[in-house]
*Asks:* 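Take this structure, written in structure tokens, and hold onto it; I'll ask about it next.
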There are 2 protein chains.
Amino acid sequence: MSASCFAEILGELAPLSDDECAALARLEERTRHVRRGAILQRENEPANELFILNKGLMMSYVLLDDGSRQILRFLFPGDMLGMPGIIYREAPETLCALSDCVVCPFDRSALSDLMTAQPRLGSMILIVSQIERVALTDRLAMLGRTSAKARVGALLLEMRDRLRATDKSIAATFSLGLTQEEIGDATGLTSVHVNRMLRQLEEEGLIRRDSGKLTLTDEITLARTANYVNRYENLDLSWLPPRK
Amino acid sequence: MSASCFAEILGELAPLSDDECAALARLEERTRHVRRGAILQRENEPANELFILNKGLMMSYVLLDDGSRQILRFLFPGDMLGMPGIIYREAPETLCALSDCVVCPFDRSALSDLMTAQPRLGSMILIVSQIERVALTDRLAMLGRTSAKARVGALLLEMRDRLRATDKSIAATFSLGLTQEEIGDATGLTSVHVNRMLRQLEEEGLIRRDSGKLTLTDEITLARTANYVNRYENLDLSWLPPRK
DNA sequence: CGTCCCGTTGACATTTATCAATATGGGTGG
DNA sequence: CCACCCATATTGATAAATGTCAACGGGACG
């Protein structure tokens, strides 16, 4: 087991050298606890730090002028947080903990040093940011062109797949850890309508809900009706330089 | 004037060394012409090449099962195209020319070599991909949480700002180069509704349309009603390593 | 001169939001 | 342990936003 959460993610892309592992471990030397509901970085405030999420579930969101919220992304252990913030004078998004979390803060100069000293890791970070980009464009297509039911279905599938990346024991049944309002803010719907869509999905036999636990009872149909693609599969990284 | 379109973009972030310029110029040694309407890369087909867009306007989009299209991004000279494609066995999006274009193709191993030989350029490429990421999350919030009128307004402002990045002579009046159907596919609306929103914006005195030319007659109000932020401004790149 | 693509407009249908009321369930102070 | 309280979930009635369908016009281009 690696000392670094982030190294585990990168290590699944390609084997890492000892030097590379050591360099990544240095990003996670310090830890900070973030309680459920606490805000790690606030939109429009200066942000000089980056983080590796070590434990727990977080989200990033923006608030619009009329007070409505758009959740941009859910964040899982091994994710790097705050990249969009460090290139601007003010953070473009808020980072907020959905459960009690542990994060490892590091300075942006540490990222710069890492890119210089370990260019192969730099390529791998670029790859991770491209995977994230594709996940965002999938969500863009979902918001722009799919029905409310499909959006909710796709969100359930994505959360399950990403939870499973951390905890292999997760299968069809899991606890989502989101309120219906949060699902709505991620899918561009109201919480009321999310509730109706969940009920419809349940009536159609695609999911089941018992005491906070959610079961995907027909993943094939759900994935088809939701236009869902798991973007952590089917990668081709053969062009990465080999480990030294 | 730089020999490389891409170097011009990166050069606006921070001054480049001669070595760096030379390395970037090598990405643009070859050129290929793409006619209006032609497809450079098709969704779900293998894609081994990357491109720098040299001249013209392109777009990337995905098609859903029901045949509807979501335009993900408009592409301008100096943009790197195809990054999301090279990490997957099959391209996740289609690249299509909206006008006659010139692109410079290069192999993905050239990117890998560049990242290794010029880590500072690697950091700058990562920065550009983060700017793009923030632009995508802005569009995500736009699709999820703003009205049809605001979406159309934001699109007009973004196109104007990005066209101006290439052609400084562009001010309030410009020609958009998109059909109303394309505007709709980018904003998650139907072409019919886009038409109505354009008329409303015109009736409210925010824009004017004459023979294919579009004029932003009240940018301040338009930007406010559209929740628009120009993401190519207010960058803070002081933490980049200095030029050697 | 016709054809085709695009833009425009109106009538109507559908989806989703809004508002309001009620239920439920877990946590907390007494 | 109980009573209360708050956030969340659920449901119905109605409103608003947007889509769908259909028709027509105008300009570019063969």
Side-chain angles (χ1 to χ4, degrees), chain A residues 35-37 59 64 66-71 96-100 142-156 175-203 207-214 225-226, chain B residues 35-37 64 66-71 96 98-100 142-156 175-204 207-214 225-227:
Chain A
R35 254 174 312 169
R36 178 179 142 86
M59 61 177 169
L64 304 196
D66 65 355
S68 63
R69 175 174 72 171
Q70 176 67 48
I71 294 177
C96 175
L98 285 161
S99 67
D100 291 345
M142 167 174 121
L143 289 191
R145 289 297 186 214
T146 75
S147 69
K149 204 200 297 179
R151 295 186 213 174
V152 173
L155 181 111
L156 299 182
S175 86
L176 188 55
L178 301 176
T179 66
Q180 293 179 1
E181 187 171 1
E182 284 156 355
I183 298 174
D185 285 346
T187 53
L189 301 168
T190 58
S191 61
V192 174
H193 206 58
V194 168
N195 183 287
R196 290 195 250 258
M197 294 302 105
L198 287 170
R199 179 153 54 95
Q200 272 197 35
L201 289 171
E202 192 162 25
E203 280 169 4
I207 66 171
R208 200 167 49 228
R209 294 177 293 164
D210 307 295
S211 59
K213 288 277 182 187
L214 204 142
T225 67
Chain B
R35 255 175 313 170
R36 178 179 142 86
L64 305 196
D66 65 357
S68 63
R69 175 174 72 170
Q70 176 67 48
I71 295 177
C96 176
L98 284 161
S99 68
D100 290 347
M142 167 174 121
L143 289 190
R145 288 297 186 215
T146 75
S147 69
K149 204 198 299 181
R151 294 186 213 174
V152 172
L155 181 108
L156 299 182
S175 86
L176 187 56
L178 301 176
T179 66
Q180 293 179 2
E181 187 171 359
E182 285 156 356
I183 298 174
D185 285 347
T187 53
L189 302 168
T190 58
S191 61
V192 174
H193 206 59
V194 167
N195 183 287
R196 291 195 254 257
M197 295 302 105
L198 287 170
R199 179 154 53 94
Q200 274 196 33
L201 289 171
E202 192 163 26
E203 280 168 5
E204 291 170 17
I207 66 171
R208 200 166 50 226
R209 293 177 292 164
D210 306 294
S211 60
K213 288 276 179 186
L214 203 140
T225 67
N227 260 118

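Note that this is a predicted model, so its numbers are computed, not measured. Below, read A as the first sequence line, B as the second, and so on, with proteins coming before strands; counting in each chain starts at 1.
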*Asks:* For B/N195 and C/dG7, give me the distance from atom CG to atom P, rounded to whole Å.
*Replies:*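 Checked: the CG to P distance equals 8 Å.
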
*Asks:* Heavy atoms under 4.0 Å, any strand shown: does B/S191 hit a base, just sugar-phosphate, or nothing?
*Replies:*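 The answer is nothing, as B/S191 stays clear of every strand by at least 4.0 Å.
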
*Asks:* Tell me the closest heavy-atom pair linking A/A154 and A/A226, and the distance in Å.
*Replies:*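 Closest approach of A/A154 to A/A226, heavy atoms only: N-CB, 3.4 Å.
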
*Asks:* Which two nucleotides bound the region of DNA chain D that has atoms under 4.0 Å from heavy atoms of chain B, read 5' to 3'?
*Replies:*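 Boundary nucleotides touching chain B, in 5' to 3' order, are D/dT18 to D/dC21.
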
*Asks:* Can you name the nearest heavy-atom pair linking A/R151 to A/T187, along with the distance?
*Replies:*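 Where A/R151 meets A/T187 most closely, the heavy atoms are NH1-O, 2.9 Å.
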
*Asks:* Just the rounded figure in Å: distance from P of C/dT18 to CD of A/E181.
*Replies:*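 Nearest whole value for this atom pair: 12 Å.
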
*Asks:* How long is the straight-line distance from CZ of A/R36 back to CG of A/D100, given to the nearest 0.5 Å?
*Replies:*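 One finds 8.0 Å between CG of A/D100 and CZ of A/R36.
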
*Asks:* In whole angstrom, what separates A/L189's CG from C/dT16's P?
*Replies:*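 So the CG-P distance, A/L189 to C/dT16, works out to 7 Å.
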
*Asks:* Nearest 0.5 angstrom please: B/M197 CE to B/Q200 CD, how far?
*Replies:*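 Reported value, rounded in 0.5 Å steps: 4.5 Å.
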
*Asks:* May I ask you to evaluate whether B/R199 reaches the phosphate of C/dT9, defined as a side-chain N or O under 4.0 Å from OP1 or OP2?
*Replies:*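 Result: yes.
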
*Asks:* Would you give the length of the straight line joining atom CD of A/Q70 to atom CG of A/D185, rounded to the nearest 0.5 angstrom?
*Replies:*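 With rounding to 0.5 Å, CD (A/Q70) is 7.5 Å from CG (A/D185).
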
*Asks:* Need one value for A/T190: base, sugar-phosphate or nothing, where a base atom within 4.0 Å counts as base even if backbone is also close, heavy atoms only.
*Replies:*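 Base: the residue A/T190, judged by heavy atoms under 4.0 Å, touches a nucleobase.
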
*Asks:* Describe the nucleic acid contact of B/G188 in one word from base, sugar-phosphate, nothing, applying a heavy-atom distance below 4.0 Å.
*Replies:*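 Contact class for B/G188: sugar-phosphate only.
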
*Asks:* How about B/R209: does its CZ atom have over 12 heavy atoms from other parts shown lying under 6.0 Å from it?
*Replies:*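 Atom CZ in B/R209 is packed in, count exceeds 12.
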
*Asks:* Please report the distance, rounded to the nearest Å, between CE in A/M197 and C1' in C/dT15.
*Replies:*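 Between C1' of C/dT15 and CE of A/M197: 9 Å.
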
*Asks:* Here's a test of your reading of the structure: between A/V194 and B/L178, which maps to the more 5' nucleotide of DNA chain C?
*Replies:*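 Here B/L178 is the residue nearer the 5' end.
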
*Asks:* What's A/G184 touching, base or sugar-phosphate or nothing? Going by heavy atoms closer than 4.0 Å.
*Replies:*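 Counting heavy atoms under 4.0 Å across all strands, no contact is made by A/G184.
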
*Asks:* Between B/R209 and C/dT8, is there a side-chain N or O to OP1/OP2 distance below 4.0 Å?
*Replies:*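 Indeed, a polar side-chain atom of B/R209 lies that close.
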
*Asks:* Grab the CD-C1' distance between B/E182 and C/dC5 for me, whole Å please.
*Replies:*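 One finds 12 Å between C1' of C/dC5 and CD of B/E182, rounded.
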
*Asks:* Between B/H193 (NE2) and C/dA13 (P), how many Å, whole number?
*Replies:*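 It is 18 Å, rounded to the nearest whole Å.
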
*Asks:* Indicate the atoms forming the closest heavy-atom contact of A/L189 with A/H193, along with that distance.
*Replies:*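 That would be CD2-CD2, 4.3 Å.
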
*Asks:* How many whole angstroms separate atom CZ of B/R145 from atom C1' of C/dT18?
*Replies:*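 About 13 Å, once rounded to whole Å.
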
*Asks:* Roughly, in whole Å, what's the span from CG in A/L143 to P in C/dA17?
*Replies:*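 After rounding, the gap between these two atoms is 11 Å.
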
